[in-house]
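We count ligands from 1, going down the list as the structure has it; atoms in each ligand are counted the same way.
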Amino acid sequence: MQKISILGGGFGGIAAAIRMRAHGNEVTLFERLDTLGGRAQVFERGGYTHDAGPTVITAPILFYELFALLGENLEDHLEFRALDPWYQFYFSYDKTIFDYGPNQETMLAQIKSLSPKDVDGYLKMLKASQKIFELGYEKLASQPFGKLMTMVKYAPDIIRLRGYRSVYSFVSSYIRHPNLRQAFSIQPLLVGGNPFSTSSIYSLIHALEQKWGIYFCMGGTGKLVNELEKLMKRHDINIQYKHDADQIHVKNSKVTEISFKNGEQHSVDKLICNADPVQVSSELLGQEKISLHNTFIKKFAKHSMGLFVIFFGSKIKYKNIAHHTIWMGPRYKELLKDIFDDHKLAEDFSIYLHRPTCTDPSFAPSNADSFYALIPVPNLKGGHQWDEIKEEFTAKVMQALDNTILPNIIEQSENIFSMTPVDFKTNYRTPHGSGFSIAPLLSQSAWFRTHNQDDLYKNLFYVGAGTHPGAGLPGVINSAKVVERIIYP
Ligand SMILES: Cc1cc2nc3c(=O)[nH]c(=O)nc-3n(C[C@H](O)[C@H](O)[C@H](O)COP(=O)(O)OP(=O)(O)OC[C@H]3O[C@@H](n4cnc5c(N)ncnc54)[C@H](O)[C@@H]3O)c2cc1C
């Protein structure tokens, strides 16, 4: 039995704590906030409940595994409800709708009515993304990438699958209709990447969704966090809330101690960091030597986009709105260039709209709806004064929704508030206020990402969005599997 400390209680830290406890270790998790979940916070305003972060559950098997590792069954505590459609796309420029979901016949019929030639193209694309899934997910997602040789070993496979292409270029090689090209290429945005520069390896997300489906956790992601927290406590994982680490101390190439802002110090045998690796290099290890690899990432890594999230309730129900709606604005490639490359806040935008009350009425008073509208925006490298512009930006987004899919929402909405990239930086300690840590470029994936085991301090490990395999719940939960494979080869 070893004494293992986890720093940060996001999904990466939670999964690491459970995996380490399952090996019989004495596990303590330190979290700076008074709740677990990291980005998966829950806000309550005027009778409306909002999950602040992740809402789309893919690869539910990963959560079943966490319960099973401690000898329990997820279904005794949680219900994952299958969604249909998974996402409804609304193209604001031509007012058309495309339902992306589990029923292939319905989807093929819609593709046929838009562009008959794309039916065959879609089926070929699905096969190709399944091949990518076999490599990218089944072989690489839980594979440690600390050694360059591992990257060299898999490079021929990545080249054979043309991983150097972007997701958009992959999709466009099979599909012609512009709306369908958008619908099938947006997945990188869910993990912080621009579809025009993210490696086509991330097209595996399409196959992953097709394989396991998309679910909503009844009670919300907050309920999922609560049940994982209870699971941890039932199995004697020690959770220390309000422990904000300000320094990691090292001696003789080993991490020895963490000190916290409340004045406490804790000695550590092994430390698994769920705090963002760039934060660890810049601040927590700021007075210590940092590996060349992490110094390079700290200085040169490209971070994901920022997110502007508007939370609101509506006094009436919008019964025709799906659980997840993707509202596409007039521009795609150019808008993404503004956001990712030029850090420019454009006049137009696209929106992801979450309506949990579609599946779970407990999120709002009866006959009312709870919503969040998430808009990809430049991260703080854009230098925008979010406190000054947030009201105007909120009004613009609400007007766009009012003009299109949520008529009269301006009159019917209440308890509106928002989160800007500044809040992401302050609340989640995210470098540049980015939504998803460093971007999932090929040059920032696998070996090129922060290694799950530190190059200098061999008892220091990393889990979470900034390390391999990357952001999104499946990514960060798999990062804990990677650390487990390193500690227990
Ligand atoms: C708005 C939004 C919507 C999303 N939607 C989805 C979705 O639908 N599906 C999906 O799969 N993914 C989604 N994602 C992505 C997913 O939520 C994240 O990739 C994932 O939750 C990140 O988990 P993590 O463990 O890396 O870190 P985090 O959630 O960032 O947790 C890190 C934890 O470390 C703690 N910490 C940091 N510094 C310190 C310190 N110095 N001392 C102590 N503790 C510290 C933080 O307080 C935090 O609790 C979404 C993300 C956002 C922001």
Please list, in number order, the atoms of ligand 1 under 4.0 Å from a heavy atom of [X].
X: His243; value: 42 (N), 43 (C)
X: Ala471; value: 19 (O)
X: Pro54; value: 3 (C), 4 (C), 5 (N), 6 (C), 7 (C), 8 (O), 9 (N), 12 (N), 13 (C), 17 (O)
X: Tyr372; value: 3 (C)
X: Asp244; value: 40 (C), 41 (N), 42 (N)

Margin query: What I want to find out is whether Lys261 reaches Asp246 closely enough, with some N-O distance under 4.0 Å, to be called a salt bridge.
Written below: no
Worksheet item: So, Arg81 and Glu79, do they make that salt bridge, N to O below 4.0 Å?
Response: yes
Under 4.0 Å, heavy-atom basis, I'd like to know which part of [X] is in contact with ligand 1: side chain, backbone, both or neither.
X: Asp246; result: neither
X: Thr55; result: both
X: Phe260; result: neither
X: Ala52; result: backbone
X: Arg429; result: side chain

Is the charged tip of Arg45 near the ring of Phe417: under 6.0 Å from the six-membered ring centre and within 45° of its axis?
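Yes; both conditions hold, so Arg45 lies above the ring face of Phe417.
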Nearest protein heavy atom to [atom], by residue and atom, and its distance?
atom: atom 1 (C) of ligand 1; result: Leu374 CD1, 3.4 Å
atom: atom 19 (O) of ligand 1; result: Gly472 N, 2.9 Å
atom: atom 11 (O) of ligand 1; result: Leu473 N, 2.8 Å

Per side-chain hydrogen bond (donor to acceptor under 3.5 Å, both in side chains), His324 is matched among Tyr352, Trp86, Tyr87 by Tyr352
* **Reference residue His293; test ring-ring contact (aromatic ring centres under 6.0 Å, His included); the match among Phe145, Phe300, Trp447** =>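 The single option meeting the ring-ring contact (aromatic ring centres under 6.0 Å, His included) with His293 is Trp447.
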